[in-house]
Amino acid sequence: MSKPAIIAVSNQKGGVGKTTVSINVAGALHQRGHNVLFVDLDPQGAATEGLGFSDAYDAAPPSLFEVLTEPEHRESITDLIVSHEEMDVVPSNIDMTVAEPELTLSRRGGEQLALALECVPDQYEYIIIDCPPYLGYLTDNGLYAAQNVLIPAFAESTSKRALELLFDHIETLELDYEITIDECGVVANRVEATNEATEMMQWFNEAFPDVPVWEVRKRVAFQRAFSAGQSIFGYKPELDMTEVFLDIAATLDAQFDIEAPEVVR
């Protein structure tokens, strides 16, 4: 099998539904028949809890913290992988809250996740990385490992500044590491029927003419699915917004030239 497509889901603005987007993109890829590894890089561990692995968040070392900060534990990432009905998961851990200063001291602080993922079994078509809601070494690790970014954002004016900061950071990362980070698309999340949302959807399409922009309408089923430890595909597959996430998954297949097996229904 060729190397997996790795995608970092990132926006330094908190509260934009980044984890919800990450989980449901992974769920959509599973629906298309892909094996998916989900990496929860957020020290808050929302995805870890939302997928039903709260015990792993409080587990004793070694955890993802040691994998990222102690080279001798790098291969332990394979021991951390837990199985979910829709995806495999590398859970976050409470110790990740102190990872930033440790990575700052490392000579290759932004590259540790990429090195760890080289130890992951060769069975996944996709690796989805749920980045923290801030710019720092953990987000750098996600972006460097993936070199592809999917951007969730609210359809509100504050998103303009947040995206400007994100792209400034990405540009700096590209220069520092001599890499190129490609945009997979923008997911306008929790969109409501307001004039501001309509104007922002127009702005997204004008600001990102070369990448797809998806509109995800606000639905209470997303939160209920999260509380049930599932994507919307496991919780309420008839929800209208499943088609949006399936389109995201199909577009990713096209971008990475990955053939989808028979779609799971």
Side-chain angles (χ1 to χ4, degrees), residues 1-2 4-11 16-42 46-48 50-53 81-90 123-131 142 146 148-155 182-191 204 208 211-265:
M1 179 182 290
S2 60
I6 308 177
I7 301 164
V9 183
S10 181
N11 188 331
V16 299
K18 173 183 55 62
T19 294
T20 298
V21 169
S22 300
I23 289 173
N24 286 294
V25 167
L29 290 167
H30 168 73
Q31 285 295 114
R32 288 180 61 81
H34 295 304
N35 291 324
V36 182
L37 179 66
F38 187 104
V39 180
D40 186 2
L41 201 58
D42 187 346
T48 296
L51 290 169
F53 300 110
I81 297 173
V82 290
S83 181
H84 182 276
E85 61 184 5
E86 299 179 83
M87 66 200 80
D88 285 350
V89 180
V90 175
Q123 65 189 63
Y124 303 104
E125 285 85 25
Y126 284 94
I127 298 176
I128 303 296
I129 303 172
D130 186 22
C131 292
N148 301 287
V149 61
L150 182 67
I151 305 164
F154 274 168
D182 295 319
E183 301 157 29
C184 296
V186 175
V187 182
N189 193 34
R190 298 179 189 167
V191 178
F204 285 137
F208 298 93
V211 298
V213 176
W214 292 280
E215 180 177 343
V216 177
R217 292 279 175 174
K218 186 175 182 180
R219 297 288 186 269
V220 69
F222 285 114
Q223 183 57 46
R224 290 175 177 168
F226 182 87
S227 298
Q230 299 172 303
S231 78
I232 52 172
F233 295 95
Y235 178 76
K236 194 174 183 180
E238 71 274 14
L239 184 71
D240 57 347
M241 289 297 102
T242 57
E243 293 304 319
V244 177
F245 281 98
L246 286 173
D247 185 57
I248 294 173
T251 301
L252 293 175
D253 279 347
Q255 288 176 347
F256 293 101
D257 195 22
I258 296 176
E259 184 175 350
E262 184 177 352
V263 177
V264 178
R265 292 295 186 187

Side chains of V21 and V216 in contact at under 4.5 Å (non-hydrogen atoms): no
Could you grab the distance from atom CG of L150 to atom OG1 of T251, nearest 0.5 Å is fine? 10.5 Å
Between CZ on residue F222 and OG1 on residue T20, distance to nearest 0.5 Å: 8.0 Å
Straight-line distance of F154 CZ to K218 NZ, nearest 0.5 Å: 8.0 Å
Closest non-hydrogen contact found for D88 with Q123 is OD2-NE2, 3.8 Å
Quick one: are V25 and V187 in side-chain contact, heavy atoms under 4.5 Å? no
For residues L41 and C131, report the shortest heavy-atom separation together with the two atoms involved. CB-CA, 4.4 Å
Minimum heavy-atom distance L246-R32, with the two atoms named: O-CD, 4.3 Å
Check I129, I81, V82 against V90 for a side chain to side chain contact (heavy atoms under 4.5 Å, CB included) and give me the one that passes. I81
Starting at CD1 of I23, measure out to CG of L51 and round the result to the nearest 0.5 Å. 4.0 Å
Quickly, which of V39, I7, V9 forms a side chain to side chain contact (heavy atoms under 4.5 Å, CB included) with S22? Name it, please. V9
Qualifying salt bridge (Lys or Arg N to Asp or Glu O under 4.0 Å) pairs, either residue in residues 229-241, two or more places apart: R219-D240
Please confirm whether the backbone N or O of D253 pairs with a side-chain atom of Y126, one donor and one acceptor, at under 3.5 Å? yes
When D130, D42, T48 are each screened for side-chain hydrogen bond (donor to acceptor under 3.5 Å, both in side chains) with T19, the one that passes is D130
In Å and rounded to the nearest 0.5 Å, what is the CG to CD distance from N189 to E215? 10.5 Å
Between N11 (side chain) and P152 (backbone), is there a donor-acceptor pair under 3.5 Å? yes
Considering all heavy atoms of both residues, which atom of Y124 and which atom of L37 are nearest to each other, and what is their separation? CD2-N, 3.7 Å
Would Q255 and D182 satisfy side chain to side chain contact (heavy atoms under 4.5 Å, CB included), going step by step from the backbone distance to the final call? CA-CA 11 Å; Q255 288 176 347; D182 295 319; over 6 Å; no
Looking only at heavy atoms, which two atoms of M87 and G27 are closest? And how far apart? CE-N, 4.2 Å
Is the shortest side-chain heavy-atom distance between K18 and S10 below 4.5 Å? no
What distance separates N148 CG from I127 CD1, expressed to the nearest 0.5 Å? 11.5 Å
Within the distance-only criterion (no hydrogens, no angle test), does the side chain of Q230 pair as donor or acceptor with the backbone N or O of A225 below 3.5 angstrom? no
Taking every heavy atom of F38 against every heavy atom of A26, the minimum-distance pair comes out as CD1-CB, 4.1 Å
Going by heavy atoms in the side chains, are H30 and F233 under 4.5 Å from each other? no
Indicate yes or no for a side-chain donor-acceptor contact from H84 to the backbone of F53 under 3.5 Å, with no hydrogens or angles considered. no
